[in-house]
Amino acid sequence: MQTELIQEARRQAEICNACRYCEGYCSVFPSLHAERAFSDGNITQLANLCHNCRGCYYACQYTAPHEFDLNLPKALAEVRRDSWESFAWPQPLARRFHTQGGVIALALVIGFALLFWAIRAIGSSGGEGFYAVLSHNAMVAIFAPAFLLPLFSIAISLRRYWAEVGGKPIQISDLTTAFKRAGKMQDLAAGHGEGCNFEDEDRFSQGRRHIHHAIMYGFLLCFASTSVATVMHYGFGLHAPYSFWSLPKLFGISGGILLTLGCGAMVLLKRKSDRNLGDPSAWGGDIAFILLLGFVGFSGLVLYALGSTTLMPQLLAIHLGSVLAFFLLTPYTKMAHGFYRLAALVRDAQRKRGS
Amino acid sequence: MATQTEAYDIAVIGGGNAALCAAMTAAEAGARVLILETAPKPYRGGNSRHTRNFRCMHHGPLGPLVDAYSEDEYLSDLLKVTYGKTDEHLARLAIRTSEECLPWMEERGVRFQPSLSGTLSLARTNAFFMGGGKSLVNAYYRTVAGLGVDALYEAAVTHLELNGDQIEWVDYTYEGQSHRITPKAVIVASGGFQADTDWLTRAWGEPAKNFLIRGTPYNRGVVLADLLDQGVESVGDPTQCHAVAIDGRAPKFDGGIVTRLDCVPFSIVVNKNAERFYDEGEDVWPKRYAIWGRLVAAQADQVGFVIIDAKSLNLFMPSVFPPLKADTLEELAAKMSLPADKLTATVAEFNAACGDTSGFHPTELDGVATSGLTPPKTNWARPITEPPFYGYSLRTGVTFTYLGLKVDDTAQCSTPNGKIKNLWAAGETMAGSILGQGYLAGFGMTIGTVFGRIAGREAATYAN
Ligand SMILES: Cc1cc2nc3c(=O)[nH]c(=O)nc-3n(C[C@H](O)[C@H](O)[C@H](O)COP(=O)(O)OP(=O)(O)OC[C@H]3O[C@@H](n4cnc5c(N)ncnc54)[C@H](O)[C@@H]3O)c2cc1C
Ligand code: SF4
Ligand code: SF4
């Protein structure tokens, strides 16, 4: 990890610890106040607890031009990105994606190309619906590893994180506490429940929280759609294509709409917000990733709408190509933040119960 | 000289809590208001942006406040710290009105913390702002903007022209140009004069040059001096101010809250000759915090040095600058430029005077005292023996000065000939009307909120 980033966050955390005015805003501060001296692991944990809501920045008496020059959201964002990069496995891939939007676009194009190639080379072997273009077995052969490998990679990263922040054996209550906080995105509401300062300087708004909710639940619905379809396929022998009033379709369509709208709105919101209160070097990578995620949702919807036309094979390749790129990039892009954030909340739940 | 084309009913001078409360009240009453704030936008809000809480009377649980805090109890707390130097009529007015202020503040965007971890003893008397004073100031600027009030930053008021019983015009500079406006009424809320070192030095003498200013560098008393020169009635004693002992390494201005040091009760404090000069264990720290500003100011070079050992390091709030650290007292003395033999002798003498320390209790008066020592240490007296040894330097940090404008219970100013019909004052600039000396935590915001609202109401009534 980059010591100067940790050192700068530590300098700022020490000032906050003497001040404590922001105590009520989020879970970073109670966790910070529990320490007197900050190890690298403490700083990494604080960084991953931070939501970049910016409440503490606008409330701070010590922001530039004051000589203390506080910008805690930025300092923590930089440590956060750096921690993800250094915990990522395999390591050489990691440093590209957070900061370089172009690499993400390139990965997407490679994803398309692979799928087009697969459709031509492997083909349908006589299935129906989408399987008339690419057989079910071929899809499984491509997507099972594309799904499992990133999960394996993330598991390794999280173990590294856990060791760094001094995590203890996990209890069920730690998990339930963490999932509850994440589900409500409580910290994004600021201590008083009025949202964050992302949109328009010091005005509190729920915009980012609602948009983030749309993306998260949109993604989870899409994911549920695929999972339900898998169960239906293997468990009950019910094969695609499914009708509109089936669970996979209802989940998939509502999820796709939420995801598309959420990602679009998030890009607009990020363009409005002050880049210098986040990690400026990750801005391009973040935007590219959000666009990719939104494109996964959007191309899925288009595929649904035009699935019975002659455009279907191309649209299928484009949609599946984007899904492939998305899965493979998960451990190395902003998508990883969800996993780290949960881990940080679990660790914080442990701290609160005194372990 | 440029003339403002827009016609304002009321000019509010200053951009802190008192000014904003006045501006909101006046604008809500329909007046056309202009705020003139000398600081640039990031520093708007003066000392108010460094505050943390507001002291509030209440009959029962109110917002974040638990139990009740009566008018009489509040007043008796005030009398204790001011040794009776207060105008009881105005003090009661401020106290009584504070209760309705809390919901009023909430309606205008101020958010309070649920009761705080480390400061439970204050949960009954003081309401803490979520995010501190700067978030309060931000909320108020949003609210005034919504009310159509214009706020100019880097607009420094230089002169109010007093003619007989009224202010004729207001001069200020903005974007390198001088401007003159002729509002119907003027509200002064531009704080004390503590950031003007020359003025402090005239009042206090040479030692004041070594004082640090805890808050904004912009409260230089320009308008106060201008009005006093024109014969506006004043209150307070120029040598009275709120001063505490803060970390000697704090910036000259604007260090704010983080430069406070809470270690004194667990320490011995010496001057530059390594001699003790006061009972460090006299009372619990919030009560004694304020007197150390004056104690240090009275020492040579206006410095003091706090010495603790390893066993006390974790007993107080973390400090913003790390303490000096050494394995021996001699080494620590060298780091602090103190005479080493004298320091070791002072510590040895202190240690020898410590008795049974088994009753040591860091959070209450424990009566663990020295015997036969002058000055004594009457609580928390434990020998300083366990290396490493730690040291902090102390200097006097001024919060605000008390010399100000005399007001009546409608916040109106006057000359010896009677009331000035269109001039009101609020906040630190008139706080001396109530605070003759001493200070009660959270009372600055009470005075600013209560008198800001009164001034806004009265000025609007006059202007309409
Ligand atoms: C570190 C610190 C902590 C404190 N904590 C608390 C607390 O927790 N609770 C509490 O009640 N009190 C606290 N106080 C005291 C408190 O800050 C004041 O009592 C209160 O904020 C005063 O408000 P005000 O509006 O009168 O002055 P200020 O907030 O200082 O506002 C004065 C304004 O006038 C402007 N100004 C000055 N000269 C001119 C000019 N010539 N032209 C135009 N504008 C001018 C300044 O820029 C400033 O905006 C604290 C003070 C400090 C320094
Ligand atoms: S961000 Fe600023 S105001 Fe908030 S706790 Fe830190 S130093 Fe204090
Ligand atoms: S940016 Fe928001 S989440 Fe991050 S530390 Fe500040 S208040 Fe907490």
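Keep in mind the model is a prediction, meaning the values are calculated, not measured. In what follows, chains carry the letters A, B, and so on, assigned in the order in which the sequence lines appear, proteins first and then strands, with residues in each chain numbered from 1.
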**Q.** Intermediate values then yes/no, side chain to side chain contact (heavy atoms under 4.5 Å, CB included), B/V258 and A/Y21
**A.** CA-CA 10 Å; B/V258 298; A/Y21 280 14; over 6 Å; no
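- Separating the SG atom in A/C56 from the NZ atom in B/K134 is a distance of 11.0 Å, to the nearest 0.5 Å.
- Of the possible polar contacts, one joining the A/H66 side chain to the B/D254 backbone as a donor-acceptor pair under 3.5 Å is found.
- Within the model, atoms CD of A/E23 and CD of B/Q113 stand 5.5 Å from one another, a figure rounded to the nearest 0.5 Å.
- The neighbour count for A/Y58 OH, taken as heavy atoms of other residues, nucleotides or ligands under 6.0 Å away, is above 12.
- By number of non-hydrogen pairs under 4.5 angstrom with chain B, the leading residue of A/C16, A/C22, A/P65 is A/P65.
- Note that CZ of B/F316 is 5.5 Å distant from CZ of A/R36, once rounded to the nearest 0.5 Å.
- Taking CD of A/Q61 as the reference point, atom OG1 of B/T51 lies at 8.5 Å (rounded to 0.5 Å).
- In this structure, the portions of A/R203 lying under 4.5 Å from any heavy atom of chain B include both its backbone and its side chain.
- Taking CZ of B/R142 as the reference point, atom CD of A/E201 lies at 6.5 Å (rounded to 0.5 Å).
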Q: I would like to know whether B/R44 and A/D202 meet salt bridge (charged side-chain N to carboxylate O under 4.0 Å, His left out); could you show each step before the answer?
A: CA-CA 14 Å; B/R44 70 182 183 185; A/D202 55 61; 3.5 Å; yes
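- No part of A/F29 comes within reach of chain B, as not one of its non-hydrogen atoms sits under 4.5 angstrom from that chain.
- Both the backbone and the side chain of B/R49 come within contact range of chain A, each with at least one heavy atom under 4.5 Å from a heavy atom of that chain.
- By number of non-hydrogen pairs under 4.5 angstrom with chain B, the leading residue of A/D200, A/T63, A/I15 is A/D200.
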